[in-house]
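Okay, structure first, notes after.
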Amino acid sequence: MANKLKSAAAVVRTIPDGAHIALGGFAIARNVITVAHELIRQNRQELTLSQCVMGLDTDLLVGAGCVNRLMVGGGSLDRFGLVQCVNRARETGEVESLDYTSLSICFSYLAGALGISFIPIKSMIASEVLERLERGGGAEYIRRMDCPFTGEPYVLLRAIQPDVSLVHVQVADEQGNCQIHGPRWENEEQAKAAHRIILIAEEIVPTSVFQAHPARTIIPAHRVEAVIHQPYGAHPTSVYSCYDYDSEHLKLYVERARTREGANQYIDEFIRGTRDHAEYLEKVGGAAMLEKLKADPVLGY
Amino acid sequence: MANKLKSAAAVVRTIPDGAHIALGGFAIARNVITVAHELIRQNRQELTLSQCVMGLDTDLLVGAGCVNRLMVGGGSLDRFGLVQCVNRARETGEVESLDYTSLSICFSYLAGALGISFIPIKSMIASEVLERLERGGGAEYIRRMDCPFTGEPYVLLRAIQPDVSLVHVQVADEQGNCQIHGPRWENEEQAKAAHRIILIAEEIVPTSVFQAHPARTIIPAHRVEAVIHQPYGAHPTSVYSCYDYDSEHLKLYVERARTREGANQYIDEFIRGTRDHAEYLEKVGGAAMLEKLKADPVLGY
Amino acid sequence: MEAVRTNEIMAVAGARELRDGETVVVGLGLPQVACMLARRTHAPGLTSLLEIGVVNSNPIDTPVGLADSRIFHGATCWSGFLDILGMNLHRGVVDVGFLGSLEIDRHGNINTTLLKDEITPGQSKVKYFNGSAGGNDVASLAKRVIVIMRHEKRKLPAAVSHITSPGYVGGKSRADLGLRGGGPHRIITDMAVLGFHAETREAMIVSVHPGIRVEQVRENTGFPLIAAENIPETPLPTPEDLRLLREEIDPKRVYLG
Amino acid sequence: MEAVRTNEIMAVAGARELRDGETVVVGLGLPQVACMLARRTHAPGLTSLLEIGVVNSNPIDTPVGLADSRIFHGATCWSGFLDILGMNLHRGVVDVGFLGSLEIDRHGNINTTLLKDEITPGQSKVKYFNGSAGGNDVASLAKRVIVIMRHEKRKLPAAVSHITSPGYVGGKSRADLGLRGGGPHRIITDMAVLGFHAETREAMIVSVHPGIRVEQVRENTGFPLIAAENIPETPLPTPEDLRLLREEIDPKRVYLG
């Protein structure tokens, strides 16, 4: 099978303005920072982003003005703070935000992954989450219906099939087989719903590793279009079994992102001001910092 | 957490006549033989059985007259032959058989596992599989509907939530955490759809094994009601990484099951004529036979 | 021994709401602390689920959030949203949803999405927060919901700015609302434990914490709070509760303050 | 070298229908053999899926069926029905479904469920077989369907006894039938390779195997079989095809006879 290794820059050149990108990160864990940075460097515009729980990757892309629509369940940077760029853009209306719940986004991906164009759910009923979706841009994604077998009222969700799904994984081979260590949140359903799957992998191993542990393969090679090999590619967010989140850098980001100007400064300095992820890693502390964040092999963090 | 180890006899005493039991076996692999035998010994009646692909377990239960309804995708004993008792009972009408497809049974379990009472599918359309279901006892499980978003015609499947799901696994702990080695067919969706989950485990290990490999836990303890520890509990079907199927015994069974009388003889001799699984294993060849079937530790069969 | 802190009373009150053998979806912070305390005391057979796909985690270092690898430690199963929120919560096997909140109102409606600042009358500025994440799912589907939060008048208004997660909306029953879960059961604050009236479905005082007067609770609540004649005091943590909280569960006082 | 066997011609004809980079759901027996041959010759990037949850298995011992652990060997991924038939086939990423059949008719409808024996006219006795399993799902949803089977008049009737898996039912287009998959593409028998007429959607001869006459094929078919003027011969296996089949893929001749 073909070698699918590509650089982040090469992958991002294939993603057009206006694409719907699903992001595999959660809050401050396994964010697709490498590709988010490169989308900003290449100045991609009018993206739709979807995700169960937004994290730093989405906040950066919105802060850089790349996004005009969100389909999300929620978002935070855990104890470090809120997704401030996202919230500012929602407050000003610069970004249209379809605010679902974690499970309803996950069910929409599941439907997309199974190739069924709708799926029923018992969440969101009697809430303003549902009303706001129905009133706004969510109207085309939501219906109500009673179960023909039980008579019970349901919300029907339209399947989500993103153009591209980006997933940061610990281990992949050159063909695109991959393992995820730790909980997998919505990664499997999200990726399998998408038309194109791009992996960002901390480590590339031979295919024989997957043949020795086939039950651990989350996404098999034939579904994967490209693999970006980028150690520390999720920095400053954490990758279980590889490295911890970078508290200092997250604090710096949250401080800057309090204002639009500060966010712009951050983006200019750390993203637009660096050529690639290697230069970014040098800028945020280089080898000494990476060594400090490296996971304990037993604890995994 | 409580120790959930129980004997097959004790578990079967809690399963009433008329129960809907989902079986975790597939053709000649990981069949729930221990419990099927005990259901026959305790003369359980009017059971509904469901399964994606029937194997020896279902054929025995139908042959013994325990069953009055099947909800299945298909069935065979692979190259050893057909499910002859099941086919005979379908031909005479002794058993009502709702004949689905593998995916439509799996989707029905998935809906049951997710707690949604219906799910759409694009299989079965334009086939007599669908027509026969709609004409017969399947009518209460099937509707047709166009997708409200795309207009595409769908079959709607009613969720299946069996009373009991029986799953034969390689490894469990006393609390009910379990691992399945090899492909998992519909085991996860089927079990999680059921109101009660009963495991039959080849090996009992400490909970620390699951804490060391939490990604491999297929069904976590809190969903499981009881664990039956029974090495060689799937004989004469195979359990990957533990033992191979018993070709000689399967051939003997298929030969006997050609006629109703032969099937009855088999059931009287090997099931009703033995007190428990230990006595059954002695009767079919004892330690020497078990040793012969034992899996090569590298190949797993 | 050091004086009992309010957060410790809250954690213990939360733990006492959980019964042995139950399955609980927990948010991070005090809900997680309460759940860990319950498992180490009266409810060893409790199962805790984190929405991202972690069953019965057993951290040895205090995590900063749900996305912190420290909380993956010692788990018996790692899965994902589809398993936890779908095959457990939506399946109907979750007894308790244990949540935090930005605002909660007299009918137990929860807001975690946005606040409205009235700048000039009739003109409001909206400030966004975390949104639902699994909150709406849990509030819609768990058999009973427990909320743990600070007791402030603005956080307990008559009606929340935005119903992110429904309680007894408009005082209606859960069945009338079309919801499966049993709805809000307790609000545990730093002043009291609140419950809901069986008929009017309005928040009411169940117990007040030691040293707090019923009047104080009422003054700090944005709606008239029903109370019985004799309101009991919330029981104090036992010495063993305090030892577990201080030495084992949150030695760095990340959540206990 | 030993004379070429019919099953070898069938396996090679099957392999040649598969293109590099495609994703194929295979049944056991000759479909599996054809797929393995294709991967070792012109289609190294082919992905084979087994419905029970096995991706790209690479057995070193010949399995007796889909439930035989020998077929789990060397796979790159183990999952289950939901992944293979749901997240691949129903998702629309399966190019080819490769099936066996009990009966197939002029419109490519497949029967694997039952046969009817006319005992006395008007009175038929039904004999049951395996049913659909994944067959209906594959026939409904794969982009193209290839069936491999013996060529006998009773196995190729004008209309099957039971439409387990739809082809072009009643000669209708797949879109008119409401089906997503592209429908039957080839029937590979021990006499010929059949295809389907683009307009009438009836089976037609694509090639006949060496040594077989078109008339023989017609005589052994239960319906009038369309054929072009000049029917080509099915290409013989190359020496390398034969070496791979005989030495590597099925040395015990379980499937090649």
Side-chain angles (χ1 to χ4, degrees), chain B residues 26-30 52-55 72-80 82-83 86-88 90-91 97 99-107 110 121-129 131-132 152-153 181-189 237-241 244-245 247 295 299-301, chain D residues 28-29 50-54 60-61 63-70 72-73 75 77-86 89-90 109 111-114 125-141 160 162-166 169-170 172 174 177-181 254:
Chain B
F26 176 98
I28 54 163
R30 278 201 292 110
C52 274
V53 177
M54 294 176 286
V72 295
S76 90
L77 302 181
D78 267 16
R79 291 238 147 186
F80 294 98
L82 302 172
V83 280
V86 167
N87 287 347
R88 197 153 45 229
R90 291 205 262 213
E91 283 152 23
S97 185
D99 296 325
Y100 286 69
T101 69
S102 291
L103 186 60
S104 52
I105 287 282
C106 185
F107 268 26
L110 174 65
I121 193 168
K122 289 291 295 175
S123 289
M124 301 204 287
I125 290 168
S127 77
E128 282 182 75
V129 172
E131 285 165 23
R132 277 158 49 98
E152 203 182 1
H181 303 164
R184 301 177 291 277
W185 30 94
E186 81 273 29
N187 287 156
E188 183 179 352
E189 297 78 31
T237 71
S238 65
V239 175
Y240 179 76
S241 80
D244 205 357
Y245 50 83
S247 292
L299 292 172
Y301 52 82
Chain D
L28 208 82
L50 304 179
E51 66 173 273
I52 55 168
V54 180
I60 53 173
D61 296 300
V64 302
L66 220 48
D68 186 336
S69 311
R70 283 157 192 77
F72 308 166
H73 188 83
C77 176
W78 286 333
S79 56
F81 286 111
L82 192 69
D83 179 52
I84 303 297
L85 297 183
L89 180 70
H90 204 285
N109 299 307
N111 174 23
T112 52
T113 300
L114 55 84
K125 191 175 175 306
V126 168
K127 189 166 162 42
Y128 274 83
F129 289 84
N130 290 355
S132 162
N136 172 288
D137 306 306
V138 170
S140 298
L141 292 155
V160 290
H162 178 277
I163 302 179
T164 308
S165 306
V169 185
K172 286 190 196 152
R174 299 284 287 187
L177 293 167
L179 292 166
R180 279 189 187 165
V254 174

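Proteins come first, then strands; the chains are lettered A, B, ... in the order of their sequence lines, and each starts at number 1.
- Nearest heavy-atom pair across D:G65 and B:D78 is CA-OD2, 2.7 Å.
- Using a 4.5 Å cut-off between heavy atoms, B:R30 makes no contact with chain D at all.
- Taken to the nearest 0.5 Å, the OG atom of B:S76 stands 5.0 Å off from the CG atom of D:N130.
- Judged as a side-chain contact (heavy atoms from CB on, under 4.5 Å), and not counting sequence neighbours, the contacts of B:A29 are B:W185, B:S238, D:A67.
- In this structure, chain D has heavy atoms under 4.5 Å from both the backbone and the side chain of B:I125.
- In terms of non-hydrogen atom pairs under 4.5 Å with chain B, the most contact-rich of D:K127, D:H73, D:E51, D:R180 is D:R180.
- Looking at B:E91, both its backbone and its side chain come within 4.5 Å of chain D, counting heavy atoms on both sides.
- Pairing each heavy atom of B:E128 with each of D:H162, the nearest pair is OE2-CA, 3.3 Å.
- With a 4.5 angstrom heavy-atom cutoff, D:N109 does not touch chain B via any of its atoms.
- Counted by atom type alone, D:D61 and B:Y301 present one or more donor-acceptor pairs between their side chains at under 3.5 Å.
- With a 4.5 angstrom heavy-atom cutoff, B:Y245 touches chain D only via side-chain atoms.
- In this structure, chain B has a heavy atom under 4.5 Å from the side chain of D:L141, while its backbone stays farther away.
- For the atom pair CG (D:L82) and CG (B:L103), the distance works out to 7.5 Å, reported to the nearest 0.5 Å.
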Inset, instruction - Take D:Y128 and B:V83 through the test side-chain contact (heavy atoms from CB on, under 4.5 Å) and record every step on the way to the result. - result: CA-CA 9 Å; D:Y128 274 83; B:V83 280; over 6 Å; no

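- Of the options B:C52, B:S123, B:S102, a side chain to side chain contact (heavy atoms under 4.5 Å, CB included) to D:L85 is made by B:S102 and by none of the others.
- Only the side chain of B:E152 comes within contact range of chain D, judged by heavy atoms closer than 4.5 Å.
- For the options B:G182, B:G55, B:S104, heavy-atom pairs under 4.5 Å to chain D are most numerous at B:G182.
- A distance of 13.0 Å separates CZ of B:R184 from CZ of D:F81, quoted to the nearest 0.5 Å.
- Checked against the 6.0 Å centroid threshold, B:H181 and D:F72 do not count as a close aromatic pair.
- Residues passing the salt bridge (charged side-chain N to carboxylate O under 4.0 Å, His left out) test with B:E131: none are found, sequence neighbours excluded.
- Of the listed residues (D:A75, D:S132, D:G29, D:P63), the greatest number of heavy-atom pairs within a distance under 4.5 Å of chain B belongs to D:S132.
- Listed options D:L177, D:N111, D:D68 were ranked by heavy-atom pairs under 4.5 angstrom with chain B; first place goes to D:D68.
- Taking the side chain as every heavy atom from C-beta outward, B:L299 and D:I60 approach each other to under 4.5 Å.
- Heavy atoms closer than 4.5 Å to chain B are found in the side chain of D:V169, but not in its backbone.
- Of the atoms belonging to B:Y100, it is backbone heavy atoms, and not side-chain ones, that fall under 4.5 Å from chain D.
- For the side chain to side chain contact (heavy atoms under 4.5 Å, CB included) test with B:S127, the passing option among D:P166, D:S140, D:S165 is D:P166; the others fail.
- Heavy-atom pairs under 4.5 Å with chain D were tallied for B:E186, B:K122, B:R88; the largest tally goes to B:K122.
- With a 4.5 angstrom heavy-atom cutoff, B:I121 touches chain D via backbone and side-chain atoms both.
- Contact annotation for D:L114: only side-chain heavy atoms (C-beta onward) come within less than 4.5 Å of a heavy atom of chain B.
- Going from atom CG of B:N87 over to atom OG1 of D:T113 covers 10.0 Å, rounded to the nearest 0.5 Å.
- For B:D244, the part lying near chain D is the side chain, with the backbone staying farther off; criterion is any non-hydrogen pair under 4.5 Å.
- Here the shortest heavy-atom pairing between D:T164 and B:V129 reads O-CG2, 3.4 Å.
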